[in-house]
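Before any comments, here is the structure.
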Amino acid sequence: MITAAIAALHERGEFALPEAGLPLVEIERPQQAQHGDYATTIALKLARPPQSRAIAAQIAAYLNETAPLVPAYDLVEAVTTAGPGFINVRLKPEWLLRQARALIEAGPDVGAVDVGRGSSINLEFVSANPTGPVHIGNGRGGFIGDTLGNVLRAAGYAVTKEYYFNDAGAQIQKLGGSIEYYMRLALGQPATKPLGADGKEEGYFDSEGDPDDTFYQGVARLVLAETNQGAEVLDLPVDARTAVIGKRAAQHIIQNIRATMQRLNIQFDVWFNEASLVTTGEVLAGIETLRDGGYLFPQDGATWMETTRFGDDKDRVLIKSDGERTYAASDVAYIRNKLNRGFDRLIYVLGADHHGYVGRLKAMAQMFGYTADKAHVLIYQHVNLKVDGKSERMSKRRGNVITLDDLADLVGPDVMRFFYLMRSADTHLDFDLGLAMKQGEENPGLSVQYGHARVAGVLRKAVEAGFHPESEALSADLAVLTNDPPEQLAAELALIRELLKLEEIIERIALSLEPHHLTKYGMDVAAAFHVFYDRCPMLRAESAEVRNARFALTLAARTVLARVLTLLGMAAPDRMERATDTSE
RNA sequence: GUGCUCGUAGCUCAGUGGAUUAGAGCGUUGGCCUGCGGAGCCAAAGGUCGGAGGUUCGAAUCCUCUCGAGCACACCA
């Protein structure tokens, strides 16, 4: 619309365009609602102040003249200018209010956009090794990945959510050694913890003396139960023994991780096993492809891949001088597998400690003939648990590692998710345990759900009072609300404007890969509804027309809140149980 | 040492080169309940946007330097 106006004015010869052509007309939302619904700085890009002021005025005048004549522009109330050359567009209140109906009719798909145009994304996240329970750090990747995937789907992408289990290699041998120790302990046999090359204990162990931390003992019991109390495995030669026990233990731990993910509603479409890459020969095939491409070279008896050719900080070993393949060899096979599945884009959600990975993943994508942006890595920062106002850094050495299941036991999966998703992935997450455990108004994790429950409560009440909000809302003309007193109309307009932002939010998250905007938006919607609810009586509205129009706004709010909660992977409850406050 | 991320209110953090007044949640202080669910609303206090330069008509936002915090820099996985 603005572009058309500029073109028309240009034809009239009222002002000249730069030789490079018209700069991109960017439309944004002003930070303050009083400035209008949309704004553009195009005049400032066409000329410097004070001349830009005149241009802005010309464009605005032209639009004000034209808008009433063009049917498609009938949503425009007024175009104004301000400051050094901003052009503000204000939409008609009745047009805005009437959009509530479209929101209601969109139902569970409300807010869907199509920036993805069906392009396919492989979204890999969590991928914690099957050598122990998932901890609170892994959870961040889980929630970010799951919600990001939901939003990308709403934005028109075909998303495959994937978990990669590193169930091959030396760590599984180590796991086997650890479980063997616990098996022998359980059988009353002499047992010693396995030692590494440096003579120190090496493997995965429960914390000494902690009766709640018996994860590996539990796994050992499961392996005993399925191997005739260990008789089938404990007498094998040492290497075969640790391999078999490790493999069995990993299977149990994988089941444990999958159960945790399910409990937290972190959904995956594909559970990928590293071991499968070995058995299908894809590891060898991947290495051969790189060799054919001329990316491999020998040095010191090992085989290296020249990732520095594509910007990695150093070359990586694929085959060690002792003939063993490194983890990077599996990575090569895995990325090759993903690329062969035809994804348009690969997104990896990784913890900050993996940022050294970015260069090598992008290099590998290029060695297989794609551009560096084929592989995109989303890095999230570490998670601290904050107890009684003090940050406790998690680390195994400090003995205060807490598992995701432990945290879910304390605060519940939904509150947990909300807290994890409130912060940008770029910043360290301090999980405030005290705040999360509160069941009252001060817990932000419940605020959006409460908003939804309150909407549902009002509608329930309306039905009890003999109204039929669902059908009455659809016949309502929301334009009657423009006759409301200013304070009420302001609340109604603020609500509908907030609800209409959903599409922008989904688009923004899809393009920026920043799901934390969704929690903020949910709180904003809930707050806008509360103000509306506070100021605008519904059951006791002054007329049936006004009542029905407000039903429509309420239903639109419910639709949007339910959508936000679903995208967040949270329940959209119709009632909140007033649970006892567990923090006291 | 090199690289990546961060530094914004008492605390935890949003903030897309724009608008006299930089926002939210929690916390603090004070109002509003014979009401459609108060898990709410209204208001107040609280800021050298780590610091110094620079670019720009305009910088929390971009650039350089600097101080501070976290993380990563294996023929480990």
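Every chain is numbered from 1 and lettered A, B, ... according to where its sequence line falls, protein lines coming before strand lines. These numbers come from the heavy atoms of this one structure, side chains and all, not from hydrogens, waters or symmetry mates.
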(request) Give one of base, sugar-phosphate or nothing for A:T303, where a contact means two heavy atoms less than 4.0 Å apart. (result) nothing
(request) May I ask you to list the residues of residues 458-472 of chain A, by number, that have any heavy atom positioned under 4.0 Å from an atom of RNA chain B? (result) A:V458, A:R460, A:K461
(request) Write down the distance separating the P atoms in B:U61 and B:A69, rounded off to the nearest Å. (result) 22 Å
(message) List the residues meeting salt bridge (charged side-chain N to carboxylate O under 4.0 Å, His left out) with A:R575, not counting sequence neighbours, and say none if there are none.
(response) none
(request) Return the value, rounded to whole Å, for the distance between atom CD of A:E503 and atom C1' of B:U16. (result) 18 Å
(request) Could you tell me whether A:F272 and A:Y163 have their ring centroids closer than 6.0 angstrom? (result) no
(request) May I have the distance from A:L433 (atom CG) to B:U12 (atom C1'), rounded to whole angstrom? (result) 14 Å
Just list the side-chain donor-acceptor pairs under 3.5 Å for residues 169-176 of chain A, sequence neighbours left out, or say none.
residue	atom	partner	partner atom	Å
A:Q171	OE1	A:N129	ND2	2.9
A:Q171	NE2	A:N166	O	3.0
A:Q173	OE1	A:T242	OG1	2.6

(request) Using the salt bridge (charged side-chain N to carboxylate O under 4.0 Å, His left out) rule, collect all pairs that involve residues 296-308 of chain A, keeping only residues at least two apart or in two chains. (result) A:E306-A:R309
(request) Scan A:T427 against the nucleic acid and name what it touches under 4.0 Å (heavy atoms): base, sugar-phosphate only, or nothing. (result) sugar-phosphate
(message) Can you confirm whether or not the ring centre of A:F431 sits under 6.0 Å from the ring centre of A:Y420?
(response) yes
(request) Report which part of the nucleic acid A:N88 touches: base, sugar-phosphate, or nothing (heavy-atom distance under 4.0 Å, all strands). (result) base
(message) Rounding to an integer number of Å, can you tell me how far A:M437 CE sits from B:C26 C1'?
(response) 17 Å
(message) Distance check needed: B:C11 P versus A:K438 NZ, whole Å only.
(response) 17 Å
(request) Spell out, as yes or no, whether a donor-acceptor pair under 3.5 Å connects the side chain of A:D167 to the backbone of A:N273. (result) no
(request) Can you tell me which stems involve RNA chain B, if a stem is defined as three or more consecutive Watson-Crick or G-U wobble pairs, both distances under 3.5 Å? (result) B:1-7 with B:67-73, B:10-13 with B:23-26, B:28-32 with B:40-44, B:50-54 with B:62-66
(message) Between B:G58 and B:G40, how far apart are the two P atoms, rounded to whole Å?
(response) 44 Å
(message) For the P atoms, the ones on B:U12 and on B:A72, what distance do you get once it is rounded to whole angstrom?
(response) 22 Å
(message) Quick test of the criterion, 5.5 Å between centres and less than 30° between planes. Is A:F86 stacked on B:A19 or not?
(response) yes
(message) Between A:Q381 and A:A425, which residue's closest nucleotide on RNA chain B lies nearer the 5′ terminus?
(response) A:Q381
(message) Taking only the P atom of each, what is the distance from B:G70 to B:A59 in whole angstrom?
(response) 33 Å
(request) Taking the side chain as every heavy atom from C-beta outward, state whether A:E124 and A:I347 have any atom pair closer than 4.5 Å. (result) no
(message) Does B:C71 have OP1 or OP2 under 4.0 Å away from a side-chain N or O of A:H428?
(response) no
(message) Using atom C1' in both nucleotides, what's the gap between B:A77 and B:A60 to the nearest angstrom?
(response) 41 Å
(message) If I pick the C1' atom on B:G27 and the same atom on B:C73, what distance separates them, to the nearest angstrom?
(response) 41 Å
Which pairs would a plain distance check flag for residues 356-364 of chain A, meaning a side-chain donor or acceptor within less than 3.5 Å of a matching protein atom at least two apart in sequence or in another chain?
residue	atom	partner	partner atom	Å
A:Y357	OH	A:D331	OD2	3.2
A:K362	NZ	A:A372	O	3.1
A:K362	NZ	A:A375	O	2.8

(message) Need one value for A:A39: base, sugar-phosphate or nothing, where a base atom within 4.0 Å counts as base even if backbone is also close, heavy atoms only.
(response) base
(request) Name all residues meeting the salt bridge (charged side-chain N to carboxylate O under 4.0 Å, His left out) criterion together with A:R53; count only those two or more places apart in sequence or in a different chain, and write none if there are none. (result) none
(request) Compare the minimum distances between each of B:C42, B:G18, B:A14 and the side chain of A:R535, then state the nucleotide with the smallest one. (result) B:C42
(request) Could you tell me the separation between the CG atom of A:D426 and the P atom of B:C71, rounded to a whole number of Å? (result) 16 Å
(request) Would you check if there is a donor-acceptor pair between the side chains of A:E162 and A:Y334 at a distance under 3.5 Å? (result) yes
(request) Spell out protein contact along nucleotides 72-77 of chain B as letters: B when the base is contacted, S when just the sugar-phosphate is, - when no protein heavy atom is under 4.0 Å; keep the 5' to 3' order. (result) SSSBSB
(request) Apply salt bridge (charged side-chain N to carboxylate O under 4.0 Å, His left out) to A:E470 and list each qualifying residue two or more places apart in sequence or on a separate chain. (result) A:R558
(message) Could you work out, with side chain to side chain donor-acceptor pair (under 3.5 Å) as the rule, every residue matching A:T147, not counting sequence neighbours?
(response) A:R417
(request) Indicate yes or no: does A:R550 engage A:D484 in a salt bridge with an N to O separation below 4.0 Å. (result) yes
(message) Work out how far the C1' atom of B:G17 is from that of B:A24, and round it to whole angstrom.
(response) 22 Å
(message) Could you work out, with side chain to side chain donor-acceptor pair (under 3.5 Å) as the rule, every residue matching A:H517, not counting sequence neighbours?
(response) A:R508, A:E514
(request) Examine the side chains of A:Q381 and A:D426 and answer whether a donor and an acceptor come within less than 3.5 Å of each other. (result) no
(request) Would you kindly give the CZ-to-C1' distance between A:F431 and B:G25, to the nearest whole Å? (result) 15 Å
(message) Can you confirm whether A:Q51 is buried at CD, in the sense that more than 12 heavy atoms of other residues, nucleotides or ligands lie under 6.0 Å from that atom?
(response) no
(request) Provide, to the nearest angstrom, the distance between the CG atom belonging to A:L511 and the P atom belonging to B:U16. (result) 15 Å
(request) Among B:A19, B:U12, B:C6, find the nucleotide with the atom closest to the side chain of A:D430. (result) B:U12
(message) So A:P444, base contact, sugar-phosphate only, or nothing? Heavy-atom distance under 4.0 Å.
(response) sugar-phosphate
(message) Can you check the distance between B:G18 and B:G37, where both ends of the measurement are the P atom (answer in whole Å)?
(response) 43 Å
(request) Mind calculating the distance between CZ (A:F418) and P (B:C26) to the nearest angstrom? (result) 11 Å
(message) If you assign A:T81 and A:D524 each to the RNA chain B nucleotide with the nearest heavy atom, which residue ends up on the more 5' nucleotide?
(response) A:T81
Collect all protein-nucleotide pairs involving nucleotides 54-57 of chain B in which both atoms are nitrogen or oxygen and the distance is under 3.5 Å.
residue	atom	partner	partner atom	Å
B:C57	OP1	A:R48	NE	3.2
B:C57	OP1	A:R48	NH1	2.2
B:C57	OP1	A:R48	NH2	2.7

